[in-house]
Amino acid sequence: MEIIHKSKILKILQIAWQLFKPYKTGLALLFVIMFVSGLFELLNLAALYPVMNYGLEQPSEGIILKFFNMLLSFLNVDNLFFVSCILLIIITIAAAAVNLANHFVSYRLMVKMVSDYQKLILEKYINSDYNFFTKNQQGRLIYMGTMAAKQTGSMILYSITALDDLLSLLLIFSLLMLLTWQGTLAIVIIGFFYFLVVKRIMSRIIYKSGRLVQEANQEKNIILNELITGIKTIKVFHIFNYWQKKYHNAVDKSLYNEFKMLMGRILPQSLMKAIFYLLVAILGIMVSYEGGEKIISWLPLYGTFVLVASRLFPSVQNLGSDLMILIASLPDTKAVYDLLNQDTKKISQGTRTLQGLYRKISFQDVWFKFDDEQEYLLKGINFDIKKNKTTAIVGPSGYGKTTLINLLFRLYIPDKGQITIDNVDIAKYTDKSYLSKIGYVGQETFIYNDTIFENIKFGLENCNKDRIIEAAKHANAHEFIMNTANGYNTIVGDAGIKLSGGQRQRIAIARAMLRKPEIMILDEATSALDNVAEEKVQNAINHISQYTTVVIVAHRLSTIQDADTILILDEGKIVEQGRHKDLLDNKGTYYNLYNRQQ
């Protein structure tokens, strides 16, 4: 794969420009400091020439020695060797101070940029609509926020380092030209062949291997995420070999290409070291042919040239290494760039503040289909959810019950029609004021590895323990919590693995009740529970429904027989609605569903 095509170079430059554009001022300051640091390094190296020349008492010839002679003449001293040594000390201290300032500014800028871009990825996730997460693999999204973001940090770091090395290289090269153009010409010829080697390695090995490493690392993340998420099922079916094989293949692919990249980076470094020492030896042999007195007169120039060249070759080598790392990090950086610039849908919110539900929520001729579907999932939905009443939604699987709830949460927006609260479209309210009035408990309860206290609190600020205990009591959870090892301070494990299904559900209900919602939505909240656990959760739901507007999505019709209104959703339409007894008397869809379950 050839990466030095114009289109690829333009893409690299576009990505680099977008990465660095917000930091123009800091980069301008950094460039000035880098240039000053390079000049002082140049002076530091150049100051070695007069020290050796005056030490060997040789005549002052050439631009560099004439410059130092002019500088030292202002001091009006006889011992030029001593003064040149003092000048070398002063320049060395100044160069070290400026170099420290250079690294301080560059590293601080780099850290800020890496931090900002990692935060931008999280903001991108937070601000993307729900559909974005349903279309992307969880492992890939985690990889983008961790490993890919880290590689973007490498891109930023080594872009700054490469700029520093390039400036240093150009300044040192100019000093070599002032010392001897013949020796510099030899370095240019060698450098040209070195560039060809580096270019070929970057084209054939580094970029291609870097892309394959990125793909393998993403695959590892996805496999691990799937393994950990489904560990119970995998253990029960005893299919570890399948997951091991997938993971081992991804690891081998990653490490093989990492090895190729490492070898690709070390080859130019080894070549550069060999070239440097060979060049020094060849120049030494050439000087030796001049004979006795002439060799001594050449020694200051030869010694200075070798010392300066010894700084040039590492700069060339470092620049080559920087480019190798930049090319290796390009696939991940491009992926982050594409993610941040991806046109994800964001559901806009209104500006009004919802004060409360006073009469009813209404679905008014609501139609909805997913972006990649041709047929509507929901077709002309019309019904009301009355304040402080319990409304149940039942029907066969796959016909839009949960989607209906997701529309109510504004995770999706209707293609046609509207959802209103007291005759005002919910789209006109701010998300914060609207969603703060809603509590939610789903079939798959989100419990994380912390204490029961923190899981009920769930990030709610200004919340004391008394309020949490009150919410737990409303959810019929306080008794079992107090029977755990440390009460409300008990750690529940990843995904609440130390709790039963019923206990997790009651914690979720307590979490919702803590926010004192006016509308409680229960989406299959008891479908995965046994009879005993279901009874306890159902008691909690019955308690809540006495003073809260409740919406229940259920498969088990036995759990919704006391609902004020039961809606039957079939093939995307409301086909029946009424109370339990009335619907049985109608002997329609609900009657058939009920008899099947009996």
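The structure presented is a predicted model; accordingly, all values stated were derived computationally and were not measured. These values consider heavy atoms only, across backbone and side chains, with no hydrogens, waters or symmetry-generated copies.
- Between I413 and R410 the shortest side-chain heavy-atom distance falls below 4.5 Å.
- In this structure the side chain of T391 never reaches within 4.5 angstrom of the side chain of K386, judged on heavy atoms.
- The backbone N or O of A250 sits nowhere less than 3.5 Å from a side-chain atom of S254 that would complete a donor-acceptor pair.
- The salt bridge (Lys or Arg N to Asp or Glu O under 4.0 Å) check on K112 picks up D116, with sequence neighbours excluded.
- Under 4.0 Å is where a charged nitrogen must lie from a carboxylate oxygen, and between D422 and K360 no such pair does.
- With sequence neighbours excluded, no residue satisfies side chain to side chain donor-acceptor pair (under 3.5 Å) with K437.
- Here K581 pairs with D585 under the side chain to side chain donor-acceptor pair (under 3.5 Å) rule; sequence neighbours left out.
- A donor-acceptor distance shorter than 3.5 angstrom exists from the side chain of R467 to the backbone of L514, with no hydrogens or angles considered.
- The CG atom of L340 sits 10.0 Å away from atom CD of E123, with the distance rounded to the nearest 0.5 Å.
- Counting only distance, with no hydrogens or angles, the side chain of Q349 and the backbone of D431 share a donor-acceptor pair below 3.5 Å.
- For the pair T451 and E454, the tightest heavy-atom approach, listed with the atom from each and the gap, is OG1-N, 3.1 Å.
- Using a 4.5 Å heavy-atom threshold, the side chains of E470 and M513 count as separate.
- Side-chain contact check for D564 versus R579: some heavy-atom pair is nearer than 4.5 Å.
- To the nearest 0.5 Å, atom CZ of residue R352 and atom CD1 of residue I426 are 13.0 Å apart.
- Between L593 and R596, some side-chain heavy-atom pair lies under the 4.5 Å cut-off.
- None of D415, L404, I574 except one satisfies the side-chain contact (heavy atoms from CB on, under 4.5 Å) rule with L378; the exception is L404.
- Taking every heavy atom of both residues into account, L408 and I438 meet most closely at O-CD1, 4.4 Å.
- Not counting sequence neighbours, D252 has no partner by the salt bridge (Lys or Arg N to Asp or Glu O under 4.0 Å) test.
- Atoms CD1 and CD1, on I491 and I452 in that order, are 9.5 Å from each other to the nearest 0.5 Å.
- T549 is not listed as a side-chain neighbour of E518, based on a closest heavy-atom distance of 4.5 Å or more.
- Distance alone, capped at 3.5 Å, places no donor-acceptor pair between the N486 side chain and the T484 backbone.
- For the residue pair L569 and K401, the shortest heavy atom distance occurs at CD2-N, 3.6 Å.
- Taking CG from N455 and CZ from F446, the interatomic distance works out to 8.0 Å, rounded to the nearest 0.5 Å.
- Residues I481 and I456 are in side-chain contact: their nearest non-hydrogen atoms beyond the backbone lie under 4.5 Å apart.
- With hydrogens and angles disregarded, a donor-acceptor distance shorter than 3.5 Å links the side chain of E576 to the backbone of T589.
- Contact detail for G439 and A512: the closest heavy-atom pair is CA-CB, 4.1 Å.
- Looking at residues two or more places apart in sequence or on another chain, you find a side chain to side chain donor-acceptor pair (under 3.5 Å) between Y591 and N595.
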Would you give me the side-chain donor-acceptor pairs under 3.5 Å for residues 361-369, sequence neighbours excluded?
from, atom 1, to, atom 2, distance (Å)
S362, OG, D384, OD1, 2.8
Q364, OE1, Q418, NE2, 3.0
Q364, NE2, T420, OG1, 3.4
D365, OD1, W367, NE1, 3.0

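- When all heavy atoms of A563 and A392 are compared, the pair lying nearest together is CB-CB, 4.0 Å.
- With rounding to the nearest 0.5 angstrom, the CG atom of L377 is 5.0 Å from the OG1 atom of T403.
- The aromatic rings of Y429 and Y434 sit parallel, their planes meeting at an angle under 30°, below the 60° perpendicular limit.
- Looking at heavy atoms from C-beta onward, C463 lies out of side-chain contact with F458 at the 4.5 angstrom threshold.
- No side-chain donor from either of T390 and D562 sits under 3.5 Å from a side-chain acceptor of the other.
- By the neighbour-count criterion of 12 heavy atoms within 6.0 Å, atom NZ of K573 is sparsely surrounded, having that number or fewer from other residues, nucleotides or ligands.
- With values rounded to the nearest 0.5 angstrom, Y594 atom OH is found 8.0 Å from L557 atom CG.
- A donor-acceptor pair is defined here as one N or O able to donate and one able to accept, closer than 3.5 Å; such a pair exists between the side chain of R504 and the backbone of G496.
- Using modelled atom types, no side-chain atom of Q503 and backbone atom of F480 make a donor-acceptor pair closer than 3.5 Å.
- In this structure, Y488 and I469 approach most closely via the heavy-atom pair OH-CA, 3.6 Å.
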Exercise. Report the C-alpha separation of R511 and I447 in whole Å, then their side-chain angles, then the decisive distance to 0.1 Å, and conclude whether the side-chain contact (heavy atoms from CB on, under 4.5 Å) test is met.
Key: CA-CA 10 Å; R511 175 193 295 165; I447 302 291; 3.7 Å; yes
